[in-house]
Amino acid sequence: QVQLVESGGGLVQAGDSLRLSCAASGRPFSNYAMGWFRQAPGKEREFVAAINRIGDSTYYADSVKGRFTISRDNPKNTVYLLMNSLLPEDTAVYYCAADRGESYIWTMTVYDYWGQGTQVTVSS
């Protein structure tokens with residue numbers, strides 16, 4: 001079992017930056033690929049970014065490519081999402097997730113554990 005706790009969300013203006021963190025506990029963090037997903041009101045949850053176990057491969061949704069950066073610190077059991085140049089359409093609840101495998105980590109269904117989410121609101 002892995003417990004995931006997101007933090008760092010908030011209310012910002014368009015163009016601002018935020019860094020989300022996701023702290024993991026319960027199992028060796030380096031055994032898991034990690035992903036960030038988001039869900040806006042009235043919309044389905046969607047992929048944002050993912051990173052493999054050792055952090056040398058990353059994947060991004062087209063909508064955030066060039067603005068968001070996913071990274072991980074395995075000794076600290078934490079994955080981060082640095083979000084720059086935020087847009088109002090980035091407003092959503094952001095979730096981190098852990099996957100015991102490393103295939104198709106841009107796909108929501110492969111993830112085994114999920115956090116509770118953190119709200120990000122971007123005003124125009």
Side-chain angles (χ1 to χ4, degrees):
Q1 192 78 355
V2 174
Q3 292 78 43
L4 302 172
V5 179
E6 302 95 336
S7 62
L11 172 63
V12 297
Q13 293 186 333
D16 285 352
S17 298
L18 274 179
R19 190 180 77 158
L20 305 183
S21 301
C22 174
S25 61
R27 293 280 178 150
F29 182 64
S30 58
N31 287 355
Y32 297 86
M34 299 297 296
W36 285 97
F37 294 79
R38 68 186 181 186
Q39 188 165 17
K43 295 187 177 181
E44 294 185 353
R45 195 171 298 188
E46 64 176 5
F47 170 71
V48 175
I51 189 167
N52 68 344
R53 293 170 184 164
I54 62 173
D56 64 349
S57 290
T58 57
Y59 306 85
Y60 296 94
D62 288 343
S63 59
V64 306
K65 202 171 293 183
R67 299 188 297 122
F68 290 11
T69 302
I70 188 171
S71 61
R72 66 188 297 160
D73 187 333
N74 282 351
K76 293 185 177 180
N77 295 341
T78 303
V79 62
Y80 304 98
L81 184 68
L82 175 61
M83 306 185 294
N84 293 324
S85 303
L86 282 161
L87 303 169
E89 48 263 47
D90 294 318
T91 295
V93 177
Y94 283 72
Y95 299 89
C96 73
D99 172 25
R100 288 173 290 188
E102 270 197 326
S103 298
Y104 304 103
I105 58 175
W106 52 87
T107 307
M108 187 168 60
T109 54
V110 306
Y111 285 85
D112 304 292
Y113 304 103
W114 292 82
Q116 292 301 305
T118 185
Q119 176 71 46
V120 172
T121 303
V122 184
S123 64
S124 57

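Every heavy atom of this structure was used, including side-chain atoms; hydrogens, water molecules and symmetry mates were not.
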Self-check item: Note, W36 side chain near V79 side chain (heavy atom, < 4.5 Å)
Solution: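 Yes, close enough: below the 4.5 Å cut-off.
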
Distance check, rounded to the nearest 0.5 Å: [X] atom [atom1] versus [Y] atom [atom2]?
X: L81; Y: R38; atom1: CG; atom2: CZ; value: 9.5 Å
X: R72; Y: C96; atom1: CZ; atom2: SG; value: 11.0 Å
X: N77; Y: M34; atom1: CG; atom2: CE; value: 9.5 Å

Shortest non-hydrogen separation from [X] to [Y] and the atoms involved:
X: K43; Y: Q39; result: O-NE2, 3.1 Å
X: S30; Y: N74; result: CB-ND2, 3.6 Å
X: V120; Y: G9; result: CG2-CA, 4.1 Å
X: A33; Y: E102; result: CB-CG, 4.0 Å
X: F47; Y: A49; result: CE1-C, 3.3 Å
X: A92; Y: A40; result: CB-N, 3.8 Å

Checking [X] side chain against [Y] main chain: does a donor-acceptor pair fall under 3.5 Å?
X: N52; Y: S57; result: yes
X: D99; Y: I105; result: no
X: T91; Y: V122; result: yes
X: R67; Y: S85; result: yes
X: E6; Y: T118; result: no
X: R53; Y: N31; result: yes

Quiz item: Could you walk me through whether Q13 and S123 pass the side chain to side chain contact (heavy atoms under 4.5 Å, CB included) check?
Solution: CA-CA 5 Å; Q13 293 186 333; S123 64; 3.7 Å; yes

Practice problem: Report, as yes or no, whether the 6.0 Å neighbourhood of atom CZ on R45 holds more than 12 heavy atoms from other residues, nucleotides or ligands. | Solution: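 Check passes, neighbour count above 12.
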
Quiz prompt | Heavy-atom neighbours of Q119 CD exceed 12 at 6.0 Å | solution =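 Correct, the count exceeds 12.
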
Self-check item: Steps toward side chain to side chain contact (heavy atoms under 4.5 Å, CB included) verdict (D73, Y80)
Solution: CA-CA 8 Å; D73 187 333; Y80 304 98; 4.1 Å; yes

Would you call the rings of [X] and [Y] parallel, tilted or perpendicular, taking 30° and 60° as the class edges?
X: W114; Y: F37; result: tilted
X: W106; Y: Y59; result: tilted
X: Y94; Y: F68; result: tilted

Applying a strict under-4.5 Å side-chain criterion to I, L, V, M, F, W and Y, I'd like to know whether [X] and [Y] cluster together.
X: L82; Y: Y95; value: no
X: I70; Y: M83; value: yes
X: Y60; Y: M108; value: no
X: Y113; Y: I51; value: yes

Exercise. Please lay out, stage by stage, how R100 and Y32 fare under the test side chain to side chain contact (heavy atoms under 4.5 Å, CB included).
Key: CA-CA 5 Å; R100 288 173 290 188; Y32 297 86; 3.2 Å; yes

